[in-house]
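Below: one structure, written as structure tokens.
The model shown is predicted, which means the values in this text are computed figures rather than measured ones.
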Amino acid sequence: MLETLNLVILIAAGLVAVSVFTSLVSFRVGAPLLLVFLLVGIAAGEDGPGGIAFSDARAAYFIGSIALAIILFDSGFRTRLSTFRLAAAPALVLATLGVGITSAVVGTAAHLLFDWSWVEGLLLGAIVGSTDAAAVFFLLRVGGVHLREMISATLEVESGSNDPMAIFLTMTLVSMITAGALDFDSGTAGGLALQFVQQMGIGLAAGLAGGYAIVQLVNRVNLEPALYPIVVLALALALSGATSLAGGSGFLAVYVAGITCGNVRIRQQPALKNFQGGMTWLGQIGMFVTLGLLATPSQFGDVALPGLVLAAVLIFVARPVAVWLCLLPFGFTRAEIAFVSWVGLRGAVSILLAILPLIAGLPNAQAIFNVTFLIVLTSLVLQGWTIRPMAKWLKLIVPARRGPVERIELELPGGLDHEIVCYTVHPASAVARGARIPRWARPTLILRDGKTIRLQKAGRPEAGDRVYILTNARQVPVLDALFAGAPEDEHDPALFGDFPLDPATRIADVGAAYGFRVERRDAELTLKQVMERELGDDIEPTDRVPYGDIDLVVRDINDDHGITAVGLAVEHVEPEEPVLPFFFSRQDLGKVSRRAMNKVKMRRARKKVTARRLSSFDTPRKDAAPDGPTEPGTAAKPDQVPDDTTRRSQP
């Protein structure tokens, strides 16, 4: 017994260590890291060199469920409330209606390809209907791809909130197949809708109440500092389980609780972020490696061809159609819709849901699991490996708003409003160039060349110094901007323009100085007002506003996406956008509809003109001679018999 236990510990710890070290290879070759974790599990499985026979589906589902709850709580904890508000509407439509459309299209294809019943086909569609939160969060936050905030926020919120919809559909369809109810009717649809509202409503309410309770409890109870992260994570997992027992969505509850806890002041917040970051990595490794162990690649040959066809249907048909229909009302551009549809990675959540048919003992459970695994592998290889090239091709990558910053946060015992922040002065930072530290931030210590220097003798901070500052926690982002290095391509004229300008300058003054014509209605407007009028709310650095022969360029923005620095490019640059055959945006459809309406109006106008001309031929004039033969000796007057010229002159 003890030998077996020690062997299990050895194997589990060894697989985790191997997965961590293989991440070094992943970063070098650019492979999706989660794919590497999955391949480590496959290699250690019974068909791989490791030869470990693991077939306990219940244990795999248990491990995966705990890991997913940890990942979702940390994802919500790191999601800013402003980000959620920015993308809540489109992301939630994708998380509900989008999952339903994707499941329906994939389910129809599975029904035709595998000759399964409709319910079994829809079950497979529901299993692969949601994007994987772990994969998307890793690519957006660790992969170093800087996107427009609207796009990244939509992807983050969607991936964190669409799992409950897929889980609900999967469990419902498994229950229907188990009970032998293979037909849908109005009563069944109504019951499913009511059950969905119940689960989502209970999950949302429990998440808000549970998150508030966690914050209040942690802020009011004095514990050892090392215990706070453990208590918070334990309470989050307890909330997930209690919500599920109450008939709600535990995963939705834990995600909402994470958002609630992460957007208020909570004790030991820096320690919580570090601890949860490590637990999230451990959860991802454990979940992917365990699911890789459960796979049997030798069985994939039986479903390889239809499985790959189904993966192509999901990637190139189902996901794009669902995203296009869901995002069309929200004003996304054609390139943005295309990118969101491409970042529909399937991962551990899909494999985790594919275990449910195995646990329930459904007839085609093993085939469903193998097909799901093939779809996940295809998605991680094809989509995960091409996220950055796709974003670059669609011209959606924006420069980083802030350069590298090295910061350590130390919370003061018993205090929630103040903390000590340690910065390493970057050589290209504003502080290193002579900028003053604000008066509300109090430097307490400077380490230079490994020695402590008194503030009175240290003088201005130098590159490489470690500066310890006592400050209000809400002001940390301001200090980050002072101590951060310069962003890449900060002074590239092709990106930010040839000359920096003050956003408060009147555009008429700039036009007089640089020799371009200003419209009369814009004469009293500032550069900021003109640019915000043209760009709307979604403003990012390097956005351009053409004005005559020049371009006004956004050089920098604040947290509310207000323009704080403007550049002027002396030559207008026409943006080159890739030509996409699909993903028509609302603007594109508006142009098409206006053209169609203009054509209809032109046809109606032509018909009216033609009708008037024809009526002029058929209607006799009042002074015209009556029909019939004329009397002998009389002749018609010229004006009584209109010739062709007279006819053409009539209205």
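- Separation of atoms CG (L353) and CG (L123) is listed at 9.5 Å; rounding is to 0.5 Å.
- A distance of 12.0 Å separates CD1 in I420 from CZ in R442, rounded to the nearest 0.5 Å.
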Point to revise | Intermediate values then yes/no, side-chain contact (heavy atoms from CB on, under 4.5 Å), Q268 and L223 | key: CA-CA 11 Å; Q268 295 292 325; L223 298 172; over 6 Å; no
**Study point:** Derivation and outcome, side-chain contact (heavy atoms from CB on, under 4.5 Å), residues L72 and L252
**Key:** CA-CA 8 Å; L72 288 176; L252 177 61; over 6 Å; no
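- Checking T102, D132, V99, L92 one by one against N162, the side-chain contact (heavy atoms from CB on, under 4.5 Å) holds for a single residue, V99.
- Panel note: side chain S152, backbone E149; a donor-acceptor pair is recorded below 3.5 Å.
- Below 30°, between 30° and 60°, or above 60°: for F332 and F330 the angle between ring planes is above 60°, a perpendicular geometry.
- Of all the heavy atoms in G283 and I71, the pair that sits closest is C-CD1, 4.5 Å.
- Between atom CD1 of residue I437 and atom CG of residue L479 there is a gap of 7.5 Å, rounded to the nearest 0.5 Å.
- Taking 4.5 Å as the limit, some side-chain heavy atom of L38 sits within range of a side-chain heavy atom of F373.
- Applying the side-chain contact (heavy atoms from CB on, under 4.5 Å) test between L94 and each of L325, V323, T131, L155 identifies V323 as the sole match.
- Two residues are said to be in side-chain contact when any heavy atoms from C-beta on lie closer than 4.5 Å; V232 and F73 meet this criterion.
- A 4.5 Å side-chain heavy-atom check between F196 and T96 finds at least one atom pair inside the cut-off.
- What you find for V93 and C326 is that their closest heavy atoms are CG1-CB, 3.7 Å.
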Check your understanding: Given L291 and I355, is the side-chain contact (heavy atoms from CB on, under 4.5 Å) satisfied, shown in steps?
Key -> CA-CA 9 Å; L291 297 177; I355 298 176; 3.6 Å; yes
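- Rounded to the nearest 0.5 angstrom, Y228 OH and R267 CZ are separated by 4.0 Å.
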Exercise for review: Could you walk me through whether S249 and M200 pass side-chain contact (heavy atoms from CB on, under 4.5 Å), step by step?
Suggested key: CA-CA 6 Å; S249 173; M200 298 302 115; 3.9 Å; yes
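- Within the model, atoms CD1 of I469 and OG1 of T444 stand 8.0 Å from one another, a figure rounded to the nearest 0.5 Å.
- In this structure the side chain of I387 reaches within 4.5 angstrom of the side chain of F339, judged on heavy atoms.
- Residues G207 and L239 approach most closely at CA-CD2, 4.4 Å, considering heavy atoms.
- Minimum heavy-atom separation, V254 to A236: CG2-O, 3.7 Å.
- The main-chain N or O of R346 is found under 3.5 Å from a side-chain atom of S379 such that the two form a donor-acceptor pair.
- For the pair S341 (side chain) and A338 (backbone), a donor-acceptor distance under 3.5 Å is present.
- Atom CG of L122 and atom OG of S103 lie 8.0 Å apart (nearest 0.5 Å).
- For T260, the side-chain contact (heavy atoms from CB on, under 4.5 Å) partners are L208, V256, not counting sequence neighbours.
- Between the side chain of D543 and the main chain of E540, a donor-acceptor pair closer than 3.5 Å is present.
- Side-chain contact between P90 and V340 is absent, with no heavy-atom pair separated by less than 4.5 Å.
- Residue pairs meeting the salt bridge (charged side-chain N to carboxylate O under 4.0 Å, His left out) criterion with at least one partner in residues 318-333, sequence neighbours excluded, are E158-R319.
- Ring-plane geometry between Y423 and F483 is classed as parallel, the angle between the planes falling under 30 degrees on a 0 to 90 degree scale with a further cut at 60.
- Counting heavy atoms from C-beta outward, S350 and I375 have side chains that stay 4.5 Å or more apart.
- In terms of heavy atoms, S429 sits closest to V425 at OG-CG1, 3.7 Å.
- With contacts defined as side-chain heavy-atom distances shorter than 4.5 Å, the pair L282/V16 qualifies.
- The main-chain N or O of R265 is found under 3.5 Å from a side-chain atom of N219 such that the two form a donor-acceptor pair.
- The main-chain N or O of T79 is found under 3.5 Å from a side-chain atom of N263 such that the two form a donor-acceptor pair.
- The backbone N or O of W342 sits less than 3.5 Å from a side-chain atom of Q383, completing a donor-acceptor pair.
- Residues forming a salt bridge (charged side-chain N to carboxylate O under 4.0 Å, His left out) with R533 (at least two apart in sequence, or on another chain): D522.
- The shortest non-hydrogen separation linking G277 to D74 is N-OD1, 4.1 Å.
- For the pair V343 and L345, the minimum side-chain heavy-atom distance is below 4.5 Å.
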